[in-house]
Amino acid sequence: MKKTYTFLRIFSATLCIWLVIIANGFAQFRNEIRFDEPSARKIPLAVPNFHIVSEKSEDIDLTKNLSQLTEETLNFTGFFKILDHGAFLEEPAKIGIDKTNITFKNWTIIGAELLITGGIVMDSEFLEMELRLFDTVKAEMLIGKRYKGPKSGYREMIRRFCSEIVFFLTGKPGIFQSKIVFVSTIPNQQKRVKEIFICDFDGYAPKQLTSDKNIIISPSLSYDAKWLAYTSYKKGKPDIYIMNILEKRGSIIDIQGTNISPAWVPNRFELAASLSYENDTEIYLLTGDGKIIKRLTKSWDIDVSPSFAPDGKQMAFLSRRSGSPQLYVMNLETEEVRRITFDGKYNTSPCWSPVGDKIIYSGMKDNSLDIYMTDTKGTPPIQLTHNAGDNESPSFSPDGSMIVFSSSREGSSKIYVMNANGTDQRCLLAMPGEQSDPEWSPLLKE
Amino acid sequence: MRKIYGKKWIVVVLIFMSMFLFMVSCAKKQVQSTDTIDADKARLEADRLAEQERARLAEEERLRKEREAREMAEREATGSAQHAFINVDVLFAFDSSELSSEAQEILGNKVTYLNEHSDIAVVIEGHCDERGTTEYNLALGDRRAAKVKRYLVDKGISASRMQTVSYGEERPLDASKGEDAYEKNRRAHFVIK
């Protein structure tokens with residue numbers, strides 16, 4: 001992790017970015033992307049191979065990877081329909097990437113509404129990348145950017161360009177600067193060991209964050225992604241550990257009883273967690289260094305799994321106060337509580353959308369756990385996973401457009417992602433052991 | 001003539017010698033026979049003593065065996081009580097921390113054992129099956145262990161002898177899938193500290 005940050009810092013310092021052209025507003029696209037509706041139409045996009053000024057074969061291979069990575073990165077969002085290269089009628093890699101070189105009719109005729117071209121200049125150390133997004137129907141350039149930096153920074157450059165595209169089309173920064181934390185079992189240990197890992201939004205470069213050689217669960221990242229809270233059995237019982245990821249320092253909430261399910265409050269160095277020192281597990285508000293501010297829930301049964309509204313004024317949580325696990329919302333100013341799930345007898349692990357009032361959770365029906373979406377207004381829940389093993393621990397991407405969750409659909413538990421409307425469900429990363437408890441981080445600030 | 005006289009003398013000497021020899025041999029014979037009697041007596045005595053010793057040893061062996069058998073029986077009795085105390089878990093229904101009549105019967109045995117062994121302290125572990133959410137299961141395991149502890153406190157066991165810890169779904173007894181495994185895993189388990 002430390003390495004990643006150091007790398008990012010050095011990279012940010014050395015990477016020169018020149019804004020070549022600021023595109024004029026093409027507002028019609030903004031209205032097209034409605035990622036929370038199942039009927040959302042995907043925009044057909046063509047990403048032909050990039051043009052390269054180099055004779056070396058390894059450079060040519062890298063360039064091919066770059067256009068492919070651009071496709072994969074944008075495809076991940078679920079906003080686009082990536083067109084097959086077999087249908088392409090011209091090759092900008094050969095004829096040039098400027099507007100004057102492109103015959104837009106060749107692209108509209110195959111159904112492309114957007115076109116990305118790229119030009120690459122490389123020497124032994126550095127890489128310069130010029131990337132352009134065109135509206136093929138209007139024959140206009142929408143975005144043009146030039147990036148330069150060490151060769152190893154190519155992934156970051158492409159993500160930045162993709163961020164520009166998504167921001168241009170949706171008015172929101174997208175997810176490319178976010179990460180996902182999750183729990184994985186460590187195979188071939190004498191006892192059962194679970195540790196916390198972090199990977200990029202697309203499952204790239206998973207890294208182990210903890211090494212307690214014990215059972216660690218429930219990772220939660222603070223709003224600035226500097227602090228990680230989790231539950232560990234390091235001292236023989238479940239306690240909450242709060243760790244500064246970069247500085248490897250922090251505090252422990254190890255008071256008597258079961259100390260579990262930490263969740264950070266947005267934009268504050270505070271978190272909520274369930275402690276059982278007074279009673280059964282109740283939710284408390286804590287300072288970022290683990291001191292109790294106040295008790296939030298007051299019921300005679302389990303209260304656990306808090307998740308905050310984007311403004312931090314309301315909190316969704318699980319309570320067994322009615323006799324079965326159901327989801328409730330608390331107004332933190334008035335401490336008024338109301339129930340929001342009524343279907344079924346087992347509704348758990350709520351996650352409040354970082355951008356609205358949608359709440360996703362894992363509910364049990366017919367002995368199977370699935371992901372559902374509801375909201376605070378009492379809209380009937382929409383089922384997002386169907387007939388695919390047990391589906392648990394959903395977490396929204398920072399823009400609310402995607403959901404990461406764990407599923408046992410292929411036997412052992414793995415991490416999956418889907419669009420917030422339930423489409424495009426796929427496994428996020430393949431690694432040994434079983435993965436669970438994913439949480440999507442907020443956007444990382446540079 | 002002289003020759004004959006000479007021969008007679010030799011004969012007399014021979015007779016005397018033989019008589020002497022006879023006497024000597026007889027005397028020797030007498031001594032030998034006394035020795036044999038003594039040896040036989042000693043052997044008989046030794047045999048008697050050996051027999052006594054054997055009997056004593058046999059008796060000792062019998063007693064030892066009896067004692068060992070008794071001790072083993074006692075140990076087994078204690079062992080099986082301890083074995084049962086550790087290995088018979090209190091089971092729960094799915095998503096429940098209620099103590100069924102069966103669970104209460106098992107807890108009755110725990111009370112007896114804890115009363116008979118007033119020097120031991122225990123950890124009560126609360127466990128869940130793998131179904132459902134990690135965090136909720138941790139809370140449910142906590143509640144199961146706490147329910148058991150409260151029950152035992154009500155039956156007169158000092159709360160200071162009992163500590164609870166929840167493992168949620170993290171330490172299944174049977175890691176396989178299916179209701180058979182889940183049933184075993186929804187448990188309160190006793191560990192002697």
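The sequence lines fix the lettering, A, B, ..., with proteins before strands; numbering per chain opens at 1. Computed from a predicted model, the values in this text were never measured in an experiment.
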Practice item. Count the heavy-atom pairs under 4.5 Å between each of V304(A), T258(A), T281(A) and chain B, then report the option with the highest count. Key: T258(A)
Check your understanding: Which residue out of D280(A), I215(A), D437(A), D301(A) racks up the most heavy-atom pairs below 4.5 Å with chain B?
Key -> D301(A)
[X], [atom1]: over 12 other non-hydrogen atoms inside 6.0 angstrom:
X       : atom1 : value
K213(A) : NZ    : no
K345(A) : NZ    : no
R171(B) : CZ    : no
E66(B)  : CD    : yes
H83(B)  : NE2   : no
N87(B)  : CG    : yes
N188(A) : CG    : no
Q256(A) : CD    : no

Review point. R131(B) and N367(A): side-chain contact (heavy atoms from CB on, under 4.5 Å), yes or no, with the steps?
Key: CA-CA 9 Å; R131(B) 319 220 55 209; N367(A) 226 17; 2.9 Å; yes
Within this structure, what is the [atom1]-[atom2] distance for the pair [X] and [Y], rounded to the nearest 0.5 Å?
X       : Y       : atom1 : atom2 : answer
K177(B) : S408(A) : NZ    : OG    : 6.0 Å
K237(A) : E125(B) : NZ    : CD    : 14.5 Å
L138(B) : Y233(A) : CG    : OH    : 4.5 Å

Less than 4.5 Å to any heavy atom of chain B: does that hold for the side chain of [X], its backbone, both, or neither?
X       : value
D303(A) : neither
S413(A) : neither
S274(A) : neither
K194(A) : side chain

Minimum-distance pair of heavy atoms, taken over all atoms of [X] and [Y]:
X       : Y       : answer
S349(A) : T133(B) : CB-CG2, 3.6 Å
T134(B) : I217(A) : CG2-CD1, 3.8 Å
R320(A) : S96(B)  : NH2-CA, 4.1 Å
V165(B) : G236(A) : CG2-O, 3.7 Å
Y136(B) : L318(A) : CD1-CD2, 3.4 Å
S324(A) : D95(B)  : CA-OD2, 4.5 Å

Please tell me if the side chains of [X] and [Y] come closer than 4.5 Å, counting only heavy atoms from C-beta onward.
X       : Y       : answer
E135(B) : T231(A) : no
M364(A) : F94(B)  : yes
R192(A) : E170(B) : yes
I302(A) : S97(B)  : no

Review point. In terms of heavy-atom proximity below 4.5 Å to chain A, should A139(B) be classed as side chain, backbone, both, or neither?
Key: both
